[in-house]
2 protein chains.
Amino acid sequence: MLIIGERINSSRKSIAGAIASGDRAFIQQEAKLQAEAGADYIDVNAAACLGEEIEKLKWLIEAVQEATELPLCIDSPDYKAIRAVLPMLKTAPMINSITLEPERLEGVLAAAVEYKAKVIGLCQSEDVIAETAEAKVDLAGQLIEAVKAAGLSLDDLYIDPLVYPLGVNATSAQAALEAIERIMKEFPGVHTTCGLTNVSHGLPARKLVNRTFLTACIVRGLDSAIMDPTDKLLYSALKAAVLIAGNDYFCMEFIQAFRAGRIE
Amino acid sequence: MLIIGERINSSRKSIAGAIASGDRAFIQQEAKLQAEAGADYIDVNAAACLGEEIEKLKWLIEAVQEATELPLCIDSPDYKAIRAVLPMLKTAPMINSITLEPERLEGVLAAAVEYKAKVIGLCQSEDVIAETAEAKVDLAGQLIEAVKAAGLSLDDLYIDPLVYPLGVNATSAQAALEAIERIMKEFPGVHTTCGLTNVSHGLPARKLVNRTFLTACIVRGLDSAIMDPTDKLLYSALKAAVLIAGNDYFCMEFIQAFRAGRIE
């Protein structure tokens, strides 16, 4: 399981505040906490800083690279912002994200090849909201074609099937789960990842719902997640799910995490 | 999800103590707690009372039937004990359990037909320990044939694929999960149930592992569980898993459980 630590996101109040006040120590602490909690990549997002996203994203990257040697996951809806910051990175990053929207797709893929970056691909096009597993797998196939055509390997692609709120459609989680299982089976070598929080939008006990969804995703084949590794119950659910899925030989990862005090 | 409350089991020290001392009030309190927590059946087991199982099982049944109107699940490895107590039951019970061992199978099925009982069938024969999904599904098919031949309907059968400890075989949970999915697809109308605790034998954080396994089972199609409904985290995981599995329309069951204070 590859964990992309999601905490340094300008949509969170505390992060927006730290960006606005230039509180470098706070950002660095957020990076360190996630690194210690098991993150493999640190996501950085300044998209809420309208009009100054590029400048703020550069500041975030500089701060985080001083605090940890982990690779970063550059998170922006604007491919120009992504391209602008790639030359700064000390380690090959991940890019969050591409969709099938042609300009963004081409803009990001060319940069990904140049900087040997991994890419998160969302099952989303300009005109399709993929609500069914069928539609999600279809878009995944198109993403895979585009990535291959650009010269990246399947191992560099993390497909996010996108999950929609259960409050709107009771089968939305099931559609994402089925898509994960089919994508992992039908396109050997590709990875899947998923943002978790959308599933519980509008529901009570959201963390429980997100945790349960992550468990279900892992049991269906998910091999990466965009999440907060410092959420101990969530991290515990992840480790237990990997165990249940049969991917923790001799239960060693789980037992080690328990001994390290990371399991609650 | 049909919940079989497992607490009144003589393998638990407190229950064995209450049976030994004739503490009827304690047993009745255990029954009431489970009924309030959402149990659909109350399991009663006196199998640890060697030499006096039938007498103690009768005492348990009498006590529980005074305390709740819920149907009981008669839990014994000895089909003679099961047959001996069936005439006492006020409501059609469940029987826990049959295997493919011929004497037990025939003895229980004849009684089940006579008393309109539902039956839990374990994927276990005299000479096969079914470790793979394939072997479990094969035994499930044999159980189904036997149940049909005896004149019960598939709707009366709850198949337990049996899960073995992950500490012994890292893919044991995965085998049970695959069996659940295949049994539910290949034999429409049948039910599946599962005891949870075996999966975590010898591991730390057992409750987390059991909870995670239950979540995975439900997402793969499980529609009943033998469990402790008073374990709030376990019950919460169950409700969230039903939601994620797409079986809670408009999320009403989950929201109601939350409002009733049952979700943690």
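Values below: every heavy atom of this structure, side chains too, minus hydrogens, waters and symmetry copies.
If you measure heavy-atom distances from B:Thr215 to chain A, the contacts under 4.5 Å come from the side chain alone. Only the side chain of B:Val199 comes within contact range of chain A, with heavy atoms under 4.5 Å apart. Both the backbone and the side chain of B:Phe213 come within less than 4.5 Å of a heavy atom of chain A. Within the 4.5 angstrom heavy-atom criterion, no atom of B:Ile218 approaches chain A. When heavy atoms are compared at a cutoff of 4.5 Å, B:Glu181 approaches chain A solely by way of its side chain, counted from C-beta outward. If you measure heavy-atom distances from B:Arg259 to chain A, you find no contacts under 4.5 Å at all.
Taking each heavy atom of A:Ala173 and B:Ile244 in turn, the nearest pair found is CB-O, 3.5 Å. Across every non-hydrogen atom of A:Leu166 and B:Cys251, the tightest pair is O-SG, 3.5 Å. The shortest heavy-atom contact between B:Ala170 and A:Phe250 is CB-N, 4.3 Å. Closest non-hydrogen pair, A:Thr212 versus B:Ala240, comes out as OG1-CB, 3.3 Å.
Heavy-atom pairs under 4.5 Å with chain A peak, among B:Ile263, B:Val168, B:Leu203, B:Leu233, at B:Leu203. The candidate from A:Leu177, A:Leu243, A:Val163 with the greatest count of non-hydrogen atom pairs under 4.5 Å with chain B is A:Leu243. For the set A:Ser200, A:Ala216, A:Ala245, the entry with the most heavy-atom pairs within less than 4.5 Å of chain B is A:Ala245. The most heavy-atom pairs under 4.5 Å with chain B, out of A:Ala205, A:Ser172, A:Ala176, come from A:Ala205.
Atom OG1 of B:Thr171 is separated from atom CG of A:Asn247 by 10.0 Å, given to the nearest 0.5 angstrom.
Side-chain contact between B:Val219 and A:Val219 is absent, with no heavy-atom pair separated by less than 4.5 Å. Inter-residue side-chain proximity for B:Phe254 and A:Leu208 is flagged as met; some heavy-atom pair is nearer than 4.5 Å.
The number of heavy atoms from other shown groups lying within 6.0 Å of CD (A:Glu134) does not exceed 12.
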